[in-house]
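Scroll down for the structure; my scribbles are underneath it.
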Amino acid sequence: LQEALQALRRFKLTLDIIDLVVLMADAHTKKIFYVNQGALAHLGYTTAELYEMTPLDFEPEMTPAQFDQLLAPLLTGEKTTLVYQTQHRSKFGVFIPVEVYLQYVEVPGQVNCLIEIVRDITDRKQVEEERERLLTAANESKDLLRIVLDATPDWIFAKNTNFRYILVNQGFANTVGLPIEQILDKTDLELGFSEKLVFGDPAQGIRGFRHDDQAVLTTGQEIRNTND
């Protein structure tokens with residue numbers, strides 16, 4: 001008996017020092033009968049207060065019917081573990097985004113229990129929200145750039161090092177007579193420009209697109225070609 005009690009104390013000590021929320025509840029009544037120190041710090045309630053509560057008391061997004069539906073695959077043995085995201089409401093009214101790992105355990109001759117291991121995902125959510133904000137801002141900037149580029153009838157375009165178009169404005173597309181999406185990733189020759197215009201013709205004083213493209217890629221300097 002003494003060895004069993006010592007093992008139990010070591011087990012509880014381990015649960016108290018891990019950086020997770022651990023709680024156990026009666027699978028029938030849903031009433032909590034064990035919480036670790038992480039749960040106390042996370043929710044702000046005392047042990048005595050939590051022992052009078054169920055997980056639904058601090059999961060405002062979940063109704064009793066929804067919780068029963070969530071548990072059904074565990075109770076039937078269809079699943080051994082469920083993972084879901086929700087919010088916990090602390091004693092002080094603070095809403096905390098969490099990820100819950102839920103298990104159902106049957107112990108012969110004892111109370112069948114639900115075990116919840118909970119991870120605070122506030123930092124993860126903040127990163128996701130910031131990424132979404134940046135993506136939205138980038139898309140808005142991209143849309144604004146497109147409006148500015150398309151507002152002029154002049155040609156505006158960009159090519160990669162293989163001389164394929166990676167950006168064109170509507171003015172260029174109108175001249176070529178093709179939708180923008182059919183121009184991208186094409187070369188001048190593939191778009192129907194003559195070899196004379198692409199590679200030049202010194203006899204006629206035509207410098208050619210390719211000459212200018214290569215010069216810009218090599219020097220990084222602006223080049224004006226009045227014959228374009």
Side-chain angles (χ1 to χ4, degrees), residues 1-140:
L1 179 60
Q2 187 65 26
E3 291 181 358
L5 289 174
Q6 288 179 351
L8 180 60
R9 282 195 291 269
R10 287 195 298 269
F11 176 67
K12 288 185 175 180
L13 179 61
T14 301
L15 291 181
D16 283 339
I17 63 177
I18 63 175
D19 189 26
L20 293 170
V21 174
V22 180
L23 59 88
M24 301 180 190
D26 185 312
H28 177 65
T29 65
K30 313 298 190 301
K31 200 167 184 178
I32 296 169
F33 63 81
Y34 171 79
V35 292
N36 71 340
Q37 288 296 317
L40 303 181
H42 173 72
L43 292 167
Y45 292 101
T46 65
T47 300
E49 288 173 327
L50 285 169
Y51 282 4
E52 296 298 320
M53 301 169 69
T54 75
L56 291 176
D57 290 323
F58 44 81
E59 288 191 20
E61 296 180 346
M62 188 84 67
T63 67
Q66 289 172 331
F67 195 54
D68 287 341
Q69 185 177 11
L70 181 71
L71 291 177
L74 292 178
L75 301 180
T76 60
E78 181 182 343
K79 293 184 178 180
T80 58
T81 304
L82 289 175
V83 182
Y84 65 97
Q85 291 186 6
T86 185
Q87 289 193 93
H88 279 175
R89 182 177 56 211
S90 75
K91 182 177 181 179
F92 312 107
V94 177
F95 287 86
I96 308 164
V98 294
E99 188 169 66
V100 180
Y101 295 79
L102 182 62
Q103 286 189 314
Y104 170 66
V105 178
E106 291 185 351
V107 182
Q110 299 186 38
V111 173
N112 295 333
C113 68
L114 300 172
I115 301 176
E116 284 195 9
I117 300 175
V118 181
R119 185 186 302 275
D120 184 333
I121 57 172
T122 299
D123 291 344
R124 187 199 306 177
K125 286 294 184 181
Q126 289 175 344
V127 170
E128 290 174 354
E129 289 171 1
E130 178 64 11
R131 182 171 62 237
E132 186 64 28
R133 186 189 67 79
L134 292 174
L135 284 173
T136 299
N139 287 333
E140 290 175 350

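Side-chain atoms are counted along with the backbone in the values below, which use heavy atoms only and exclude waters and symmetry mates.
- Of all the heavy atoms in Pro97 and Thr122, the pair that sits closest is CD-OG1, 3.5 Å.
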Discussion item. Test side-chain contact (heavy atoms from CB on, under 4.5 Å) on Thr46 and Leu40; report intermediate values, then the result.
Written reply: CA-CA 6 Å; Thr46 65; Leu40 303 181; 5.8 Å; no
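- Under the rule for a salt bridge (Lys or Arg N to Asp or Glu O under 4.0 Å), the partners of Lys125 that lie at least two apart in sequence or sit in another chain are Glu128.
- Formation of a donor-acceptor pair under 3.5 Å by the Asn112 side chain with backbone atoms of Leu75 is not found in this model.
- In plain terms, the two heavy atoms of Val98 and Val118 that are nearest each other are CB-CG1, 3.6 Å.
- Asp26 is linked by a side chain to side chain donor-acceptor pair (under 3.5 Å) to nothing, counting only residues two or more places apart in sequence or in another chain.
- Closest approach of Tyr104 to Ala27, counting heavy atoms only: CE1-CB, 3.5 Å.
- Note that CD1 of Ile96 and CD of Gln87 are 9.5 Å apart. Values are rounded to the nearest 0.5 Å.
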Item to complete: Might you work through the side-chain contact (heavy atoms from CB on, under 4.5 Å) test for Leu82 and Leu70, ending with a clear yes or no?
Response: CA-CA 8 Å; Leu82 289 175; Leu70 181 71; 4.0 Å; yes
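- Here the shortest heavy-atom pairing between Gly38 and Val21 reads O-CG2, 3.7 Å.
- To the nearest 0.5 angstrom, Leu74 atom CG is 8.0 Å from Thr80 atom OG1.
- Glu99 and Tyr101 form a side-chain donor-acceptor contact under 3.5 Å, judged by distance and modelled atom types alone.
- Between Met62 atom CE and Thr86 atom OG1 the span is 5.5 Å, to the nearest 0.5 Å.
- Evaluation of the salt bridge (Lys or Arg N to Asp or Glu O under 4.0 Å) rule for Glu140 yields no partner, not counting sequence neighbours.
- Judged as a salt bridge (charged side-chain N to carboxylate O under 4.0 Å, His left out), the pairs with a partner in residues 43-61 (not counting sequence neighbours) are, in order, Lys31-Glu52, Glu49-Lys91.
- In terms of heavy atoms, Leu114 sits closest to Leu102 at CB-CD1, 4.3 Å.
- Cys113 contributes atom SG, which lies 4.5 Å from atom CZ of Phe33 (distance to the nearest 0.5 angstrom).
- Taking each heavy atom of Pro60 and Arg89 in turn, the nearest pair found is CB-NH1, 3.6 Å.
- Distance CE/Met53 to CG/Leu43: 7.0 Å, rounded to 0.5 Å.
- Residue pairs meeting the ring-ring contact (aromatic ring centres under 6.0 Å, His included) criterion with at least one partner in residues 39-76, sequence neighbours excluded, are His42-His88, Phe58-His88.
- Applying the salt bridge (Lys or Arg N to Asp or Glu O under 4.0 Å) rule to Arg133 yields the partners Glu130; only residues at least two apart in sequence or on another chain are considered.
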Discussion item. Run the side-chain contact (heavy atoms from CB on, under 4.5 Å) test on Lys30 and Asp68 for me, step by step, so that the C-alpha distance in whole Å, both residues' side-chain angles and the decisive distance to 0.1 Å come before the verdict.
Written reply: CA-CA 10 Å; Lys30 313 298 190 301; Asp68 287 341; 3.5 Å; yes
